[in-house]
Amino acid sequence: MFCGDYVQGTIFPAPIFDPMMDAQMLGGALQGFGCDKDMLINILTQRCNAQRLVIAEAYQSMYGRDLISDLKEKLSDHFKDVMVGLMYPPPSYDAHELWHAMKGAGTEEKCLIDILASRTKGEIFQMQEAYYLQYSSNLQEDIYSETSGHFRDTLINLVQGTREEGYTNPAMAAQDAMVLWEACQRKTGEHKTMLQMILCNKSYQQLWLVFQEFQNVSGQDIVDAINECYDGYFQELLVAIVLCVRDKPAYFAYRLYSAIHDFGFHNKTVIRILIARSEIDLMTIRKRYKERYGKSLFHDIRNFASGHYEKALLAICAGDAEDY
């Protein structure tokens, strides 16, 4: 997957862009008792994130008010979560999601896994910075206090952003594969640490080679081995890292399918993935979803969501006629 496969988002910069006009239209849409939700969807889902930020500045200078605050005040429920989510720059959105995953009643481990297993080194550094600016809090320290055990150690390792990039050493791959295999056999604390160090620090390209070697050494796929040997969130996180190395869009397609079908439409997960991946690889995720599950993502969202919430999600998906 990593080797030159082309991935594509669903949201692109609007070619003709007039932020003052957009700000004025949003101001009109948010006035009075009612609220023109169609107008909000038409503007905010048809502009890229950088353009939305320019619109927010224009809105502030035009009305002397903060657009995010106005959206929060005027909207409600999941539709509000989508519209507000679109207004955050990507690192701030990740930071926002992580903060709420840890600061609510009970930690939402699956949110931590989705974000930290999939983000690049650069994205992780920006996210940490945004987290500190938004919440005057240290992301590593918060993870440390809200999680435990080898799950915690692995998350902390990912947040440290020490993964090598682009580097491969075929000779080391066989050695690393042996270490992984032993870690799956022996399962001591020390072996868990070695497993985590390899999965969190080696480059995607190197891990690709390691997983092939693992198959040769053990006669087993690395995911099956992890599932057999470990359990709980530690196991889920390790598998998420492996799946992201192999094919990130396929990982998110699987997470969306699971959120829609196994959890009775887990809104937070669906919203988070659609917004976070909209300018990166959501079009590719849609493709993987259709290939893997036979139904389109568009079709499944239409089946489970409704009203303007459904309209907003479908607009981010940028579905077309053949998806109905």
Side-chain angles (χ1 to χ4, degrees), residues 1-3 5 7 109-121 123-124 147 149-170 172-187 191-259 262 269 273 277 280-281 284-285 288-289 291-292:
M1 173 64 211
F2 62 81
C3 34
D5 265 24
V7 297
E109 287 85 358
K110 284 183 192 299
C111 171
L112 303 183
I113 293 171
D114 272 353
I115 294 176
L116 297 173
S118 66
R119 300 308 191 251
T120 64
K121 199 171 180 171
E123 287 166 343
I124 282 173
T147 57
H150 286 279
F151 176 58
R152 169 169 74 189
D153 297 343
T154 312
L155 289 173
I156 297 277
N157 200 333
L158 289 168
V159 170
Q160 284 165 348
T162 47
R163 187 181 297 288
E164 295 164 348
E165 289 187 332
Y167 173 82
T168 56
N169 179 343
M172 272 300 287
Q175 203 176 319
D176 288 340
M178 284 302 293
V179 172
L180 290 183
W181 190 53
E182 204 178 301
C184 285
Q185 306 303 305
R186 306 270 295 279
K187 297 188 270 197
H191 284 93
K192 285 181 186 175
T193 302
M194 279 151 50
L195 181 65
Q196 161 220 316
M197 293 298 283
I198 292 173
L199 291 181
C200 295
N201 296 307
K202 302 285 180 178
S203 73
Y204 271 27
Q205 291 85 339
Q206 179 70 7
L207 287 173
W208 190 267
L209 298 177
V210 172
F211 299 157
Q212 283 177 313
E213 287 290 346
F214 185 92
Q215 180 87 41
N216 299 340
V217 169
S218 67
Q220 196 178 23
D221 184 74
I222 180 80
V223 171
D224 295 335
I226 291 169
N227 285 336
E228 266 178 36
C229 301
Y230 295 107
D231 56 18
Y233 292 121
F234 179 57
Q235 168 253 329
E236 279 187 44
L237 177 55
L238 296 180
V239 168
I241 295 169
V242 173
L243 296 179
C244 285
V245 169
R246 286 188 166 156
D247 186 340
K248 213 170 274 186
Y251 169 72
F252 284 116
Y254 150 70
R255 288 289 296 127
L256 282 166
Y257 188 83
S258 161
D262 302 343
T269 304
I273 294 173
R277 308 311 294 182
I280 302 172
D281 53 7
T284 314
I285 292 168
R288 295 283 190 278
Y289 194 99
E291 288 163 2
R292 191 155 293 201

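The model shown is predicted, which means the values in this text are computed figures rather than measured ones. In what follows, every heavy atom counts, from backbone to side chain, and hydrogens, waters and symmetry copies are set aside.
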Quick check: closest heavy atoms across [X] and [Y], and the distance to 0.1 Å?
X: Ala240; Y: Ile113; result: CB-CG2, 3.5 Å
X: Arg292; Y: Ala250; result: NH2-CB, 3.9 Å
X: Val223; Y: Val242; result: CG2-CG1, 3.7 Å
X: Glu213; Y: Ala177; result: CB-CB, 3.6 Å
X: Cys200; Y: Ile241; result: SG-CD1, 4.3 Å
X: Ile124; Y: Val159; result: CG2-O, 3.3 Å

*asked:* For Arg119, is there an ion pair with Asp114 - N to carboxylate O distance below 4.0 angstrom?
replied: no
_Salt bridge Lys110-Glu236, side-chain N to carboxylate O under 4.0 Å_ = yes
Rounded distance [0.5 Å steps], [atom1] in [X] versus [atom2] in [Y]:
X: Asn157; Y: His150; atom1: CG; atom2: NE2; result: 12.5 Å
X: Cys184; Y: Asn227; atom1: SG; atom2: CG; result: 10.0 Å
X: Leu195; Y: Ile226; atom1: CG; atom2: CD1; result: 6.0 Å
X: Leu116; Y: Glu123; atom1: CG; atom2: CD; result: 11.5 Å
X: Ile285; Y: Leu256; atom1: CD1; atom2: CG; result: 6.5 Å
X: Leu237; Y: Leu112; atom1: CG; atom2: CG; result: 9.0 Å

_The test is side chain to side chain contact (heavy atoms under 4.5 Å, CB included); show your working for Met178 and Phe214 and say whether it passes._
CA-CA 7 Å; Met178 284 302 293; Phe214 185 92; over 6 Å; no
*Measure the acute angle between the ring planes of Tyr254 and Tyr251, then classify it against the limits of 30° and 60° as parallel, tilted or perpendicular.*
tilted
_Measuring centre to centre across the rings, with the benzene-like ring taken for any Trp, is Tyr233 within less than 6.0 Å of Phe151?_
yes
*Residue pair Asp153, Gln196: steps toward the side-chain hydrogen bond (donor to acceptor under 3.5 Å, both in side chains) verdict*: CA-CA 8 Å; Asp153 297 343; Gln196 161 220 316; 6.0 Å; no
*Below 4.5 Å, heavy atoms only, C-beta onward: do Tyr204 and Cys244 meet side chain to side chain?*
yes
_Could you check whether any side-chain heavy atom of Ser203 comes within less than 4.5 Å of a side-chain heavy atom of Glu165, counting everything from C-beta outward?_
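No. Closest side-chain heavy atoms not under 4.5 Å.
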*For residues Gln206 and Asn169, is any side-chain donor paired with an opposing acceptor at under 3.5 Å?*
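Side chains of Gln206 and Asn169: no pair found under 3.5 Å.
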*Verify whether one side chain among Glu228 and Gln220 offers a donor that lies under 3.5 Å from an acceptor in the other.*
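Looking only at side-chain atoms, Gln220 and Glu228 do form a donor-acceptor pair, the distance falling under 3.5 Å.
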*Keeping the roles fixed (side chain from Lys248, backbone from Ser118), state whether a donor-acceptor pair exists under 3.5 Å.*
yes
*Are the side chain of Glu182 and the backbone of Val179 linked by a donor-acceptor contact shorter than 3.5 Å?*
no
*asked:* As a quick check of understanding, evaluate side chain to side chain contact (heavy atoms under 4.5 Å, CB included) for Leu238 and Ile222, giving each step before the final call.
replied: CA-CA 10 Å; Leu238 296 180; Ile222 180 80; over 6 Å; no
*Could you go through the side chain to side chain contact (heavy atoms under 4.5 Å, CB included) check for Met172 and Lys202 one step at a time?*
CA-CA 11 Å; Met172 272 300 287; Lys202 302 285 180 178; 3.8 Å; yes
*asked:* So for atom CG, which belongs to Asp231, do other residues, nucleotides or ligands contribute more than 12 heavy atoms lying within a distance under 6.0 Å?
replied: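 Open: at most 12 neighbouring heavy atoms sit under 6.0 Å from CG of Asp231.
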*Does the side chain to side chain contact (heavy atoms under 4.5 Å, CB included) test come out yes or no for Asn201 and Arg163, once each step is laid out?*
CA-CA 4 Å; Asn201 296 307; Arg163 187 181 297 288; 5.7 Å; no
_Worked check of salt bridge (Lys or Arg N to Asp or Glu O under 4.0 Å) between Arg246 and Asp221_ = CA-CA 12 Å; Arg246 286 188 166 156; Asp221 184 74; 2.8 Å; yes
